[in-house]
Amino acid sequence: MSRFSIQTILKKILNLKHYQALSIQSILYSFVGIIAVVLVIAIAIFIHKHGLLQNELIYSELQRTVEEFAQKLDREVEEAKQSVRRLEGYTTILDTPSGVSEENVAFLKQIMMENLQFEDNHYSNYFALEPSKARQYFNQRGYLLVVHKDIALRDTARYNKPQYMRTRVWEDPSYANDPRKSWYYLSKQNQGLQVTPIYTDSDYSESPMFSVSEGLYEHRIFKGVVGVGMLVDSFFEEVEEKKFGETGGLLLADYQSGILLSKIANSGDSRLEFLNIPDRDTVTTLYHSEMEMGYWKNILNQNVSYREIKNQNELWYTVSSRKLQSLPWTLVSYQRTMELKDNGQFSLFSFVLWGLLIFLLLGLQVATLYKFLMTPLIELLQMTTKISGHPGEKTIITIHGVVELRSLAEAFTKLASQLVKLNSEKSECIKRLQSARGTQAEQSRNIDQRQTEITRLNTEVQNSRTESQKARLQIQKARVEIQKHKLEAQRAKVQSEAANQAKTQFLANMSHELRTPMNAIIGYTEILQEDARDRGQDEFIPDLQKIHGASYHLLDLINNLFDMSRIESAKMDLFIETFDIAPMIQDVVATITPLMEKQSNILKVKCDSALGTMSADLTKVRQNLLNLLSNANKFSQQSTISLLVYRETLEGIDWIVFRISDQGIGMTAEQMQRLFQAFTQIDASPTRRYGGSGLGLAITKQFCQIMGGDIVVESQFGQGSTFTMRLPAQVNPVE
């Protein structure tokens, strides 16, 4: 072997400590580490797979039970739908050419009773007609037939027998005019079978129920509803009584709102620890906190095989869920995880024992290799380092290990002195050359950097000067534009104030000038009517009445314009007087009743006769009430309008509150913003159905504010409006 080859090998061996990643020690440690990691991963995967298998076996009962109960509940809802379809077929006996007879009605009642006897959780059958069909079949304003079981006999054998069932007929069409009757309005709005939300039967059982109903249509025209009412207590009975061990059970919840539907358990039952909610009548949502909303929405909105969750008491529970197909409900089974795993707990003792044994053998192997291979190599490296540092000293070989390492140490001793000398000379030359090159390169970089900085600074200075000149020109232009806009705004303000004053003065003068001839027209019309009656010329009376009504309507518009002009010109005066409230309300009701009858509306008044007195402008209070009642009557038809009057005290001030509610067309949020603006119509379309000048509500609000009160409105589109007028019992005019 040549001298160059030997020196190259020795150099690599002596510099081995600078390349630890390629050393025998690193390779050995890496190999042992890889084996250990592979063993740990293999054991972890095995434990995980075994744990999943154990969990599947342990949680299978929860999953199987919740699937069986969900299928059973779906079947019961489907049976209710089939019962509704049978009822729909029975109602065809009423469509007879000769009209509806008492025998047909009695036969329908008997069929509805027999239809109820086969299902315990079916509480009632009902049949309701649209008011127009009720008039056609029965010559009544409405017709609602209900056949129901006697709730008092629920735990007896007579509960499902037809002879003990009860019937009742309503001829009041309130069920068709009340949007809260979901069993009626859902079927009216959607053709086909409908399932209502849970509601309380306030007529008989006072129990929670839900209904399955279907609309009756003839040539796509709605004519009525048939349906089945189901008791929640019977429907949920098996769900609420099912138990898993001591801590597990079933519950039902609405996955849209998160409301708990079924009862968890009775007092003292250990199942209460799951949610601490004993009664389903308490409106409780499982989405009451952001943390619980996350996992409960996940559980309720999809079918979950099993999942472990922690409740408010820091107890772990395992749950499984299944969504119902016919209802927006989810059935959930639950049991405390500790109780579930008591009989099937997987022990890790054997795996830990085998793992420790494997790691012990692996450690013994590492110790043997370190003792007989790594230690001699480390001693050899230390010896070569000493030789390179003290090439003139005599070195004694004391390596104890394998034979090859001792031979290699002897060869190192022979070549050490020459190798160290050559390496030291070479290293010194390399250091000097590198130092000189580094100094030169640093100087070149500094010169280039300084030159770049100077060029950049010159460019920035030039750009700054150009931008500064542009900014000065823009500032001067902006000042000129601002001055021009200020002058235009002042000129427009003066013109607007002059036009507004001229309009107000014109309305005040013209309203005053027009009232006199209109009163004369009304008076002459009344005289002509009396003359026509005296002379027997009755054919002129209808035309004279139309002239008389149109004159009154025009006079009312003129009065409104006059009032609005006086308000805007600050010339409106108040005539304060003390009067009894109850007689004033009776007078207003007597005035507005004929208008209500034209629209087929009913006015309900709630006013205590001992409400007392108030000091205010009687004429303006009456005008406000008439405006509000006329407005409610105009936008309602065949409905009920309510007038509520009461007294209240707020912050030491006595107030009289007038609340007018209707069930008319209602308003949108955009329409309510324009409600009290003068000359503004809510229905502003070219083909609007409702008349009016747009001044009544504007004047009403102005009168309220002048008397120190106010008026507010609450409305929902399609559901009606409520106007609340609040006036002080002792009015002090507001300037």
Side-chain angles (χ1 to χ4, degrees), residues 48-82 121 192-198 210 212 230 232 235-245 247-265 271 273-275 277 280 284-312 315-341 344:
H48 177 68
K49 293 293 185 181
H50 193 275
L52 292 177
L53 180 60
Q54 288 292 103
N55 288 339
E56 291 289 342
L57 295 175
I58 293 172
Y59 302 149
S60 61
E61 182 180 359
L62 290 177
Q63 185 177 0
R64 178 180 56 80
T65 303
V66 77
E67 289 178 355
E68 292 177 354
F69 272 79
Q71 293 174 0
K72 184 175 182 181
L73 295 178
D74 284 328
R75 285 197 301 271
E76 291 185 2
V77 175
E78 186 60 34
E79 290 173 358
K81 292 181 178 180
Q82 294 176 2
N121 56 3
L193 287 168
Q194 305 294 326
V195 181
T196 69
I198 294 177
F210 68 94
V212 179
M230 304 179 68
V232 171
F235 192 75
F236 292 169
E237 184 175 8
E238 293 187 15
V239 172
E240 294 174 345
E241 292 179 355
K242 179 63 179 177
K243 292 185 65 175
F244 299 99
T247 61
L250 295 173
L251 62 86
L252 266 171
D254 190 322
Y255 59 75
Q256 295 176 344
S257 61
I259 293 177
L260 182 64
L261 302 175
S262 63
K263 182 168 60 177
I264 295 294
R271 289 181 294 171
E273 296 180 358
F274 180 48
L275 293 177
I277 303 171
R280 64 168 172 265
T284 304
T285 176
L286 301 177
Y287 301 159
H288 63 275
S289 65
E290 293 186 2
M291 180 183 70
E292 294 183 357
M293 183 187 296
Y295 65 74
W296 273 118
K297 276 196 172 181
N298 187 19
I299 292 172
L300 296 181
N301 284 274
Q302 61 183 343
N303 296 330
V304 177
S305 299
Y306 62 87
R307 180 176 176 179
E308 295 183 359
I309 62 173
K310 185 185 292 185
N311 69 351
Q312 295 178 350
L315 298 175
W316 284 98
Y317 280 80
T318 301
V319 299
S320 179
S321 65
R322 179 69 56 179
K323 294 174 64 177
L324 301 187
Q325 298 178 357
S326 303
L327 299 169
W329 300 348
T330 301
L331 185 64
V332 179
S333 61
Y334 61 91
Q335 190 174 3
R336 192 179 296 178
T337 305
M338 183 180 297
E339 183 183 14
L340 264 175
K341 294 185 178 180

Donor-acceptor contact present, side-chain Ser321 to main-chain Asn303, <3.5 Å:
no
Mark yes or no for whether Thr247, through its side chain, and Arg336, through its backbone, hold a donor-acceptor pair below 3.5 Å.
yes
With sequence neighbours left out, what residues match [X] under salt bridge (charged side-chain N to carboxylate O under 4.0 Å, His left out)?
{"X": "Glu241", "result": "none"}
{"X": "Glu238", "result": "Lys72"}
{"X": "Arg64", "result": "Glu68"}

My understanding is that only residues two or more places apart in sequence, or in another chain, count here; which of them pass ring-ring contact (aromatic ring centres under 6.0 Å, His included) with Tyr317?
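Once residues adjacent in sequence are excluded, the partners of Tyr317 under the ring-ring contact (aromatic ring centres under 6.0 Å, His included) criterion are Phe274.
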Given side chains that start at C-beta, do those of [X] and [Y] come closer than 4.5 Å, heavy atoms only?
{"X": "Leu327", "Y": "Leu73", "value": "no"}
{"X": "Trp296", "Y": "Ile309", "value": "yes"}
{"X": "Leu260", "Y": "Leu251", "value": "yes"}
{"X": "Phe244", "Y": "Leu250", "value": "yes"}

Before you tell me yes or no, could you show the steps for Phe236 and Asn121 under side-chain contact (heavy atoms from CB on, under 4.5 Å), namely the whole-Å CA-CA distance, both residues' side-chain angles and the distance that decides it to 0.1 Å?
CA-CA 9 Å; Phe236 292 169; Asn121 56 3; over 6 Å; no
For residues [X] and [Y], report the shortest heavy-atom separation together with the two atoms involved.
{"X": "Ala80", "Y": "Met230", "answer": "CB-SD, 3.7 Å"}
{"X": "Gly245", "Y": "Glu339", "answer": "CA-OE2, 3.4 Å"}
{"X": "Ser305", "Y": "Ser320", "answer": "O-OG, 2.7 Å"}

After noting the C-alpha distance and the side-chain angles of Asp254 and Ile198, does the key distance pass the side-chain contact (heavy atoms from CB on, under 4.5 Å) rule?
CA-CA 10 Å; Asp254 190 322; Ile198 294 177; over 6 Å; no
side-chain contact (heavy atoms from CB on, under 4.5 Å), that's the test. Do Leu286 and Ile299 meet it? Break it down for me.
CA-CA 11 Å; Leu286 301 177; Ile299 292 172; over 6 Å; no
Rounded to the nearest 0.5 Å, what separates atom [atom1] in [X] from atom [atom2] in [Y]?
{"X": "Trp329", "Y": "Leu261", "atom1": "CH2", "atom2": "CG", "answer": "6.0 Å"}
{"X": "Lys297", "Y": "Gln256", "atom1": "NZ", "atom2": "CD", "answer": "11.0 Å"}
{"X": "Leu252", "Y": "Ile259", "atom1": "CG", "atom2": "CD1", "answer": "13.5 Å"}

Give every residue pair that meets the salt bridge (charged side-chain N to carboxylate O under 4.0 Å, His left out) criterion with at least one member in residues 316-334, sequence neighbours excluded.
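Salt bridge (charged side-chain N to carboxylate O under 4.0 Å, His left out) check on residues 316-334 returns Glu67-Arg322.
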List the steps, then state whether side-chain contact (heavy atoms from CB on, under 4.5 Å) holds for Thr65 with Ser333.
CA-CA 8 Å; Thr65 303; Ser333 61; 5.7 Å; no
Counterpart residues, side chain to side chain donor-acceptor pair (under 3.5 Å), relative to Thr318 (two or more places apart):
Thr337
